[in-house]
Engineer: 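Pasting a structure here, questions to come.
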Amino acid sequence: MTQTSTRPRRLSPAEVRARLGEPEAMVKAKIQDRIDEHFRLFIAHSPFLTMATADAEGRADCSPRGDYPGFVKVLDDRTLAIPDRPGNKIADSFRNLAENDGIGLLFLIPGLRETLRVNGHAYPTDDPGVLARTQIEAKEPVLAIVVEVAEAYFHCGRALIRSRLWDPASQALADEIPSVGEIAAAQFGMDFDPMAITQALEESYRKLY
């Protein structure tokens with residue numbers, strides 16, 4: 001007998017809201033349409049964020065971005081600039097923004113449970129003034145992403161508390177999976193040396209800028 005799989009049932013927005021209930025008034029009130037002094041301070045201390053974009057068909061992508069604390073610059077109370085540091089050159093985010101300028105950011109600060117969410121619209125730039133403001137170690141990025149802020153608000157720390165993300169003991173989880181070199185060699189299905197792949201990655205990490 002051929003076994004067929006069925007997709008889990010899709011809920012409508014009304015059904016989701018019925019199960020979750022309504023957010024408290026304070027939760028709704030915290031959403032702002034600009035970067036105030038508290039958000040500005042958080043961004044100035046954040047060395048890491050995740051950036052979500054989607055193409056015209058709604059195919060989503062989320063990528064990590066990180067550098068020294070404050071690598072994202074607040075140009076004004078409604079505009080941010082994210083430098084594009086050297087990476088894999090796939091350029092998923094740039095391709096998505098060309099089709100759909102919506103963007104979502106999640107800023108983190110190590111050791112802090114709360115996060116900062118920023119949503120809005122974005123586009124790439126090579127504006128000399130913006131690139132000069134985002135240089136690190138006397139090196140300017142080739143491109144930057146300008147974010148026009150529509151929403152900004154702090155998100156409670158329940159997810160980070162549950163995940164124990166900042167608990168040093170959680171780092172032991174990394175020892176329970178194969179190295180990236182071993183995984184890449186298995187995925188490529190060819191005669192690649194896992195150690196050589198790992199060493200190549202480590203060398204690339206040393207050339208951050």
Engineer: Asp77: what forms a salt bridge (charged side-chain N to carboxylate O under 4.0 Å, His left out) with it, not counting sequence neighbours?
Structural biologist: Arg34
Engineer: Ser93 vs Asn96, test: side-chain hydrogen bond (donor to acceptor under 3.5 Å, both in side chains). Steps then yes/no.
Structural biologist: CA-CA 5 Å; Ser93 299; Asn96 287 346; 5.8 Å; no
Engineer: Ignoring hydrogens and angles, tell me if any N or O in the side chain of Glu176 forms a donor-acceptor pair with the backbone of Leu173 under 3.5 Å.
Structural biologist: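 No.
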Engineer: Kindly assign one of parallel, tilted or perpendicular to the pair Phe154 and Phe42, based on the angle between their ring planes and the thresholds 30° and 60°.
Structural biologist: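 Tilted, since the angle between the ring planes falls between 30° and 60°.
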Engineer: Of all heavy-atom pairs between His45 and Pro47, which one has the smallest distance, and what is that distance?
Structural biologist: O-CD, 3.4 Å
Engineer: Please answer whether the main-chain N or O of Pro110 pairs with a side-chain N or O of Trp166 as donor and acceptor at a distance below 3.5 Å.
Structural biologist: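 No, because the side chain of Trp166 does not come within donor-acceptor range (under 3.5 Å) of the backbone of Pro110.
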Engineer: With rounding to the nearest 0.5 Å, note down the distance linking OG1 in Thr53 to CG in Asn100.
Structural biologist: 8.0 Å
Engineer: What distance do Leu80 atom CG and Arg40 atom CZ have between them, rounded to the nearest 0.5 Å?
Structural biologist: 9.0 Å
Engineer: Could you list the donor-acceptor pairs under 3.5 angstrom formed by side chains in residues 158-165, with sequence neighbours left out?
Structural biologist:
unit_1: Ser163; atom_1: OG; unit_2: Ala159; atom_2: O; d: 3.1
unit_1: Ser163; atom_1: OG; unit_2: Leu160; atom_2: O; d: 3.2
unit_1: Ser163; atom_1: OG; unit_2: Leu165; atom_2: N; d: 3.3
unit_1: Arg164; atom_1: NH1; unit_2: Arg162; atom_2: O; d: 3.3

Engineer: Please list all pairs meeting ring pair (Phe, Tyr, Trp, His ring centres under 6.0 Å) that have one or both residues in residues 90-133, counting only residues at least two apart or in different chains.
Structural biologist: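 Found none.
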Engineer: Residues two or more places apart in sequence or in another chain: which of them pass salt bridge (charged side-chain N to carboxylate O under 4.0 Å, His left out) with Arg78?
Structural biologist: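 Salt bridge (charged side-chain N to carboxylate O under 4.0 Å, His left out) list for Arg78, sorted by chain: Asp33.
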Engineer: Any ion pair linking Arg9 and Glu15 (charged N to carboxylate O, less than 4.0 Å)?
Structural biologist: yes
Engineer: State, to 0.1 Å, how close Ile109 and Ser46 come at their nearest heavy-atom pair, and which atoms those are.
Structural biologist: CG1-CA, 3.9 Å
Engineer: Identify the residue among Val146, Thr134, Leu143, Leu105 that makes a side-chain contact (heavy atoms from CB on, under 4.5 Å) with Ile82.
Structural biologist: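 Single pass found, and it is Leu105.
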Engineer: Nearest 0.5 angstrom please: Thr50 OG1 to Leu108 CG, how far?
Structural biologist: 7.0 Å
Engineer: Find the distance between CD (Glu22) and CG (Leu20) and round it off to the nearest 0.5 Å.
Structural biologist: 9.5 Å
Engineer: Enter the distance from Thr115:OG1 to Leu106:CG here, rounded to the nearest 0.5 Å.
Structural biologist: 4.5 Å
Engineer: Looking at residues at least two apart in the chain, or sitting in another chain, which of them share a salt bridge (charged side-chain N to carboxylate O under 4.0 Å, His left out) with Arg95?
Structural biologist: Asp92
Engineer: Test side-chain contact (heavy atoms from CB on, under 4.5 Å) on Ile145 and Asp84; report intermediate values, then the result.
Structural biologist: CA-CA 7 Å; Ile145 294 175; Asp84 185 60; 5.6 Å; no
Engineer: When rounded to the nearest 0.5 angstrom, what is the spacing between OG1 in Thr125 and CG in Leu131?
Structural biologist: 6.5 Å
Engineer: Please name the pair of heavy atoms, one in Leu97 and one in Gly102, separated by the smallest distance, quoted to 0.1 Å.
Structural biologist: CD2-O, 3.8 Å
Engineer: So, Asp167 and Ser170: side-chain donor and acceptor under 3.5 Å apart, yes or no?
Structural biologist: no
Engineer: Please check: side-chain N/O of Glu99 versus main-chain N/O of Ala56, any donor-acceptor pairing under 3.5 Å?
Structural biologist: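 Confirmed, Glu99 side chain pairs with Ala56 backbone.
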Engineer: Kindly check if the number of other-residue, nucleotide or ligand heavy atoms within 6.0 Å of CD (Gln171) is above 12?
Structural biologist: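 No, the 6.0 Å shell around CD holds no more than 12 heavy atoms from other groups.
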Engineer: Hey, mind stepping through Asn119 and Ile103 against side-chain contact (heavy atoms from CB on, under 4.5 Å) and telling me if it holds?
Structural biologist: CA-CA 6 Å; Asn119 300 317; Ile103 193 168; over 6 Å; no
Engineer: Go through the structure and list residues passing salt bridge (charged side-chain N to carboxylate O under 4.0 Å, His left out) with Arg117, not counting sequence neighbours.
Structural biologist: none
